[in-house]
Amino acid sequence: MKCKKMVDVGRRQFLRGGALAAAGAAVSTVAGAPAQATPANAQVDYPSDKLANIADLAVNEPMDIEYPDPDSPGVLIKLGQPVEGGVGPDGDIVAYSVLCPHKGYYMGYNSEDRTLNCPGHFSRFDVEAGGQQVWGHATQNLPQFVLRVDGNGDIFAEGATDLIFGRPSNVL
Amino acid sequence: MAYKRQIDRLPIPPADAKVHNVTCHYCIVGCGYKAYTWPRNKQGTLKNNAFGIDLSEQQSADGTWVAPSMYNMVKQDGKDVHLAVVPDQECVVNSGLVSIRGGRMAENRPSKVTGTQQQRLSDPMVWRNGTWQPTSWDDALDLVARVTARVITEGSEDDLILSMFDHGGSAGGYENTWGTGKLYFQSMKVKNARIHNRPAYNSEVHSSRDMGVDELQYQYADYEVTDTIMIVGANPLETQTNLFLNHMRKGLENGARFIMVDPRRSVTVNAAEEIAGPENVLHLAIDPGSDMVLFNALLTHIVDNGWVDADFIANSTFQNGEAVPMDAAHPAALGSLDFAMETCRTSTAEAAEICKIDEADIIKAAEWIAKPHEDGSRRKCVTGYEKGIIWGNDNYRTIGALLNIALATGNVGREGGGCCRLGGHQEGYYRPSDAHVGRPATYVDQLLISGGGKVQHIWACDHYKTTLNASQYKRVHRKRAEMVKDAMDASAAGTREQQVDAIVAAVNAGGLFVVDVDIIHSQIGQNAHVILPACESNEMNLTSMNGERRLRLSEKYMDRFGNSLPDCLIAAKLAQHMERVLREMGHDAYADQFKGYDWETEEDAFMDGYHQGNPDVTYDRLRAMGNNGVQEPVQGYENGQLIGVERLYMDGVFTRHGRDDGKALFCAAGWRGLQAPGKEQERASHKFWINNVRANIFWQNQFLDQDNDFIQDRFPYPFIEMNADDMAEMGLNPGDLIEIHNENGSTQGMAYPTDTANRGQVAMVFGSPSGSQGNVVNPGVNELILPDYKHTWGNIRKLADATPAARSVSFKSKEYTG
């Protein structure tokens with residue numbers, strides 16, 4: 001398990017362009033993968049980031065998160081009733097990317113009907129139905145973060161179901 | 001649970017990837033894309049790639065991104081290559097925007113590697129021994145030619161029934177309309193023809209053309225510089241997505257107002273309100289079918305207030321009363337504005353009563369359309385219309401009444417104006433004259449149902465999903481086709497000659513020999529005896545024009561699937577077989593009519609057809625014009641550029657009707673209620689109006705989308721939008737399977753609770769493979785055989801609780817609620 005803080009630090013340095021060695025390493029990791037004799041893992045290696053503790057969450061009050069790095073904003077939501085893919089003792093905690101998978105606009109949460117809505121081109125996604133696009137232009141449903149809850153109630157993100165807008169790999 | 005792709009990384013196009021111009025082959029807007037292809041064992045890096053950007057950084061909104069649906073691995077020159085089909089930022093049509101349809105072009109390609117679209121047909125097939133068996137082109141076409149030649153020489157060409165696309169994009173386009181058109185309208189003179197979406201060979205906008213106005217006369221930028229956008233019977237955010245998002249939106253942001261005429265509130269109204277503010281959006285939710293009354297009242301109010309463009313009327317429109325009398329070919333008389341007003345005159349109060357809307361809203365709409373600005377300057381208004389009136393009540397007069405408003409206000413041929421259909425497919429029509437078809441054209445479906453015709457050639461049509469009176473059509477079609485299948489099975493061991501004899505005997509006894517050319521094994525293909533595999537654009541080079549007449553060459557970037565061929569080359573091969581067989585039969589003169597098809601490529605067909613009429617246009621020149629292409633009609637070629645026309649009729653001379661005087665005509669659009677036979681009775685005796693609607697997520701009848709997991713996961717059954725109180729009254733829960741039934745037949749779908757649906761009105765998505773709305777549409781058409789799919793009434797009953805597939809999907813409102 002990686003420390004969230006370390007991931008953040010590395011990521012920020014990378015974005016500033018100050019860490020040439022880190023950038024080079026990232027390039028060779030991703031670009032080199034198909035040239036290897038065996039394919040890479042079915043999915044990229046994700047960090048395991050602690051997002052919150054269950055005690056931090058109130059029903060239908062979304063918490064801003066960043067996963068798998070600070071440039072990928074998301075929300076963590078406790079829905080108050082079990083949903084498919086939900087975690088926690090009530091099976092009701094879910095997390096999604098909030099970059100619209102159409103053109104990458106930052107979406108807003110409508111707590112009344114529990115949808116994420118894109119101000120760019122009016123697409124909307126149902127957080128109670130696995131991020132299914134209710135209506136819109138995206139050609140995929142919303143990337144949902146794979147969550148794990150430990151014995152202390154800490155909630156960790158450890159993967160994503162779909163490609164996040166604006167990147168060729170979920171882990172850059 | 002929503003469908004998850006479980007894809008979290010994609011290959012990166014290298015800097016030396018091949019780049020191909022692509023025009024989206026789905027809707028009429030024709031967005032520009034770039035297709036990148038590169039060898040399977042190569043890829044770019046985060047820093048060095050085909051996009052020339054640093055992919056190690058999170059891209060911002062509107063940035064370049066390859067979604068998983070934009071990626072696939074396909075065959076190119078026999079080798080597997082990576083494919084990424086990405087929206088083109090430089091294309092003026094879409095400026096990098098992507099629709100839910102075009103963004104899936106790559107994943108909807110057939111791929112042996114990724115397993116996509118394995119439903120595509122790869123080989124000609126002939127009905128043998130109780131099923132369809134693969135065979136060679138020569139074997140299949142020999143059978144088609146022998147049966148067809150026997151039938152049309154023993155009888156006449158009228159015994160050949162033809163169902164044939166007339167559009168651009170996808171498998172249509174100038175190459176393929178020419179190939180098929182030359183075969184059936186030049187080598188033969190087949191008159192019992194119909195088009196993919198209507199039961200005759202006719203225009204969907206006869207009145208506009210008769211009035212002198214081509215239905216696609218503006219350019220999309222006109223929406224950006226207008227005062228008012230008026231949309232009638234259309235839902236452009238869903239069905240011409242990037243026309244709305246890239247052009248109408250800019251107009252609204254520039255201060256334009258928005259009028260929507262549609263009984264149903266759609267996401268387009270919602271989005272217009274979000275952009276322009278609700279105070280600048282007027283939704284006229286008229287009683288179904290009453291559009292003409294509204295238009296007549298708007299025209300009357302505009303004329304009576306003097307808000308007309310008097311100079312335009314004087315200089316560009318007919319002045320002397322009646323120009324064209326009403327007759328069998330003209331469901332309304334045409335003439336001067338004064339002449340038309342004698343018939344059209346309708347008060348706003350009368351219209352309010354018939355249309356069931358507020359009179360004040362009609363007056364407001366008239367003001368938004370035509371009342372001069374405070375400084376006295378003319379108000380500009382651009383009008384877009386589509387199936388709500390094309391497939392609506394009294395097509396000829398209703399479209400004429402709408403165009404009357406645009407003509408009276410001088411909004412044709414002017415910047416910020418236009419009165420255009422919004423369109424479905426792209427266009428791409430280049431055929432020999434169809435004058436022999438006649439007007440009114442034959443109602444071909446009724447001919448077939450009544451036992452007429454002996455051989456049917458079908459080109460990329462699936463009437464099982466997309467015709468009216470479909471229940472009866474399907475019953476008769478299957479029965480007649482079965483007679484021939486039985487004859488073929490009984491003679492399977494015989495010689496070709498014996499088999500042809502058996503087939504001819506069966507069709508003479510009432511059977512129908514069915515040849516189906518398509519890219520997939522369609523529903524109507526279940527009745528076919530010969531199935532011929534076609535290919536799509538980008539598996540071939542294809543030219544089409546979009547809704548502002550923008551002509552582009554969409555380039556071939558991958559191999560054809562299996563033995564499939566472009567439609568134009570299938571038509572050419574069939575012609576060659578017809579020539580050979582007719583000569584063998586001793587019909588030399590007839591055989592000679594089938595000469596002139598020595599085409600090796602689709603470019604040969606293009607040069608034989610479109611290029612002959614437009615000698616400046618070649619593939620090389622179009623390729624150089626890229627994704628922005630040239631707006632037809634092409635005027636010349638200068639300095640390496642094809643020269644086009646941004647807007648038709650800028651000189652105020654109207655020509656579409658062929659009149660020497662160049663004057664536009666007004667339509668004497670007299671209201672007569674629901675015009676098509678049987679509609680009024682149907683309305684009176686059923687509880688629900690069954691609207692026939694589209695959704696952005698499906699392309700047409702879902703011929704590719706039926707094999708796309710993302711799409712089928714969202715709507716496993718056709719949705720039927722329904723008022724929640726109506727649902728509660730019937731004990732229906734979201735997703736329950738319901739049946740719509742009336743005297744024409746029945747169909748089914750899943751109930752989708754919709755806040756904005758009026759009570760007693762449901763909206764069913766058209767053309768679904770698992771529930772054809774056409775089953776319950778009556779056979780009523782107008783005088784020119786234009787169908788009225790939109791006016792259908794039926795009753796509803798519950799069939800079953802929601803299935804697990806239906807229970808897992810979202811039933812929330814489709815409207816943005818940011």
Side-chain angles (χ1 to χ4, degrees), chain A residues 14-15 23 26-27 30-31 34-35 40 42-44 71-72 84-85 99 101-108 110 112-115 117-124 126 128-142 144 159-172, chain B residues 1-12 41-49 55-70 96-100 103-104 107 237-238 241 245 267 270-271 274 695-697 710 713-714 808-818:
Chain A
F14 178 66
L15 283 172
V27 169
V30 176
Q43 300 208 298
V44 296
D71 287 326
S72 174
E84 275 193 77
L99 295 182
H102 174 226
K103 296 302 285 183
Y105 284 66
Y106 198 106
M107 295 193 287
N110 178 335
E112 271 185 36
D113 75 356
R114 301 183 176 199
T115 54
N117 288 258
C118 178
H121 309 95
F122 317 112
S123 301
R124 58 202 315 267
D126 189 342
E128 295 180 306
Q132 185 169 60
Q133 183 169 239
V134 182
W135 186 90
H137 316 287
T139 54
Q140 64 185 47
N141 295 313
L142 205 51
Q144 182 169 8
T161 61
D162 287 272
L163 192 63
I164 297 165
F165 178 87
R167 42 181 73 194
S169 170
N170 276 349
V171 179
L172 290 170
Chain B
M1 191 67 182
Y3 170 68
K4 312 288 191 186
R5 280 207 170 78
Q6 305 295 352
I7 290 172
D8 54 12
R9 176 171 55 184
L10 288 177
I12 296 171
N41 63 343
K42 305 279 188 195
Q43 75 167 321
T45 68
L46 294 171
K47 302 282 189 184
N48 183 11
N49 53 67
L55 293 172
S56 69
E57 294 182 354
Q58 169 72 38
Q59 302 301 306
S60 61
D62 292 326
T64 295
W65 181 53
V66 183
S69 63
M70 299 176 193
L97 286 173
V98 52
S99 75
I100 192 172
R104 293 183 292 110
E107 75 171 6
L237 180 59
E238 296 221 56
T241 301
L245 290 175
V267 291
N270 169 237
E274 288 292 330
N696 66 334
I697 193 168
F710 169 65
D713 169 74
R714 175 68 188 100
S808 71
V809 306
S810 179
F811 287 99
K812 291 179 180 171
S813 166
K814 297 171 185 174
E815 293 201 9
Y816 173 80
T817 55

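In the text below, chain A, chain B and the rest are named by the order of the sequence lines, each starting its count at 1. We use all heavy atoms of the structure for the numbers below, so side chains are in, but hydrogens, waters and symmetry mates are not.
- Proximity to chain A is absent for every atom of N41(B), based on heavy atoms less than 4.5 angstrom apart.
- Taking chain B as the reference chain and counting heavy-atom pairs below 4.5 Å, the highest number among H121(A), H137(A), Q133(A), R114(A) is found for H137(A).
- For Y3(B), the parts sitting under 4.5 Å from any heavy atom of chain A are the backbone and the side chain alike.
- A salt bridge between D126(A) and K812(B) is present, with a side-chain N of the basic residue lying under 4.0 Å from a carboxylate O of the acidic one.
- Of the listed residues (V98(B), L97(B), I697(B), N270(B)), the greatest number of heavy-atom pairs within a distance under 4.5 Å of chain A belongs to V98(B).
- Using a 4.5 Å heavy-atom threshold, the side chains of S813(B) and W135(A) count as separate.
- Side-chain contact between K47(B) and S56(B) is present, with at least one heavy-atom pair separated by less than 4.5 Å.
- Chain B forms the most heavy-atom pairs under 4.5 Å with one residue out of M107(A), E112(A), Q144(A), and that residue is Q144(A).
- Among L163(A), T139(A), N170(A), the residue with the largest count of heavy-atom pairs under 4.5 Å with chain B is T139(A).
- Two residues are said to be in side-chain contact when any heavy atoms from C-beta on lie closer than 4.5 Å; Q6(B) and T161(A) meet this criterion.
- Between R714(B) and V134(A) the shortest side-chain heavy-atom distance falls below 4.5 Å.
- Each of A160(A), G131(A), S72(A), G136(A) has some count of heavy-atom pairs under 4.5 Å with chain B, and the biggest count is that of G136(A).
- Heavy-atom pairs under 4.5 Å with chain A were tallied for T64(B), T241(B), V267(B); the largest tally goes to V267(B).
- Looking at V66(B), only its backbone comes within 4.5 Å of chain A, counting heavy atoms on both sides.
- Neither the backbone nor the side chain of E107(B) comes within contact range of chain A; no heavy atoms are under 4.5 Å apart.
- For the residue pair N117(A) and T817(B), a side-chain donor N or O sits within less than 3.5 Å of a side-chain acceptor on the partner.
- Residue D713(B) touches chain A through both its backbone and its side chain, counting heavy-atom pairs closer than 4.5 Å.
- N696(B) has its side chain out of reach of S99(B): every pair of non-hydrogen atoms, C-beta onward, lies at least 4.5 Å apart.
- The shortest side-chain heavy-atom distance between E57(B) and D71(A) does not fall under the 4.5 Å cut-off.
- Counting only heavy atoms from C-beta outward, the side chains of L99(A) and W65(B) never approach each other to under 4.5 Å.
- By number of non-hydrogen pairs under 4.5 angstrom with chain B, the leading residue of C118(A), S123(A), G85(A) is C118(A).
- When side chains are defined from C-beta on, D162(A) does not count as touching L142(A), because their heavy atoms never get closer than 4.5 Å.
- The part of S60(B) that comes within reach of chain A is its backbone (N, CA, C, O), which places non-hydrogen atoms under 4.5 angstrom from that chain.
- When each of E274(B), K814(B), M70(B) is scored by its heavy-atom pairs under 4.5 Å with chain A, the top score falls to K814(B).
- Both the backbone and the side chain of V809(B) come within less than 4.5 Å of a heavy atom of chain A.
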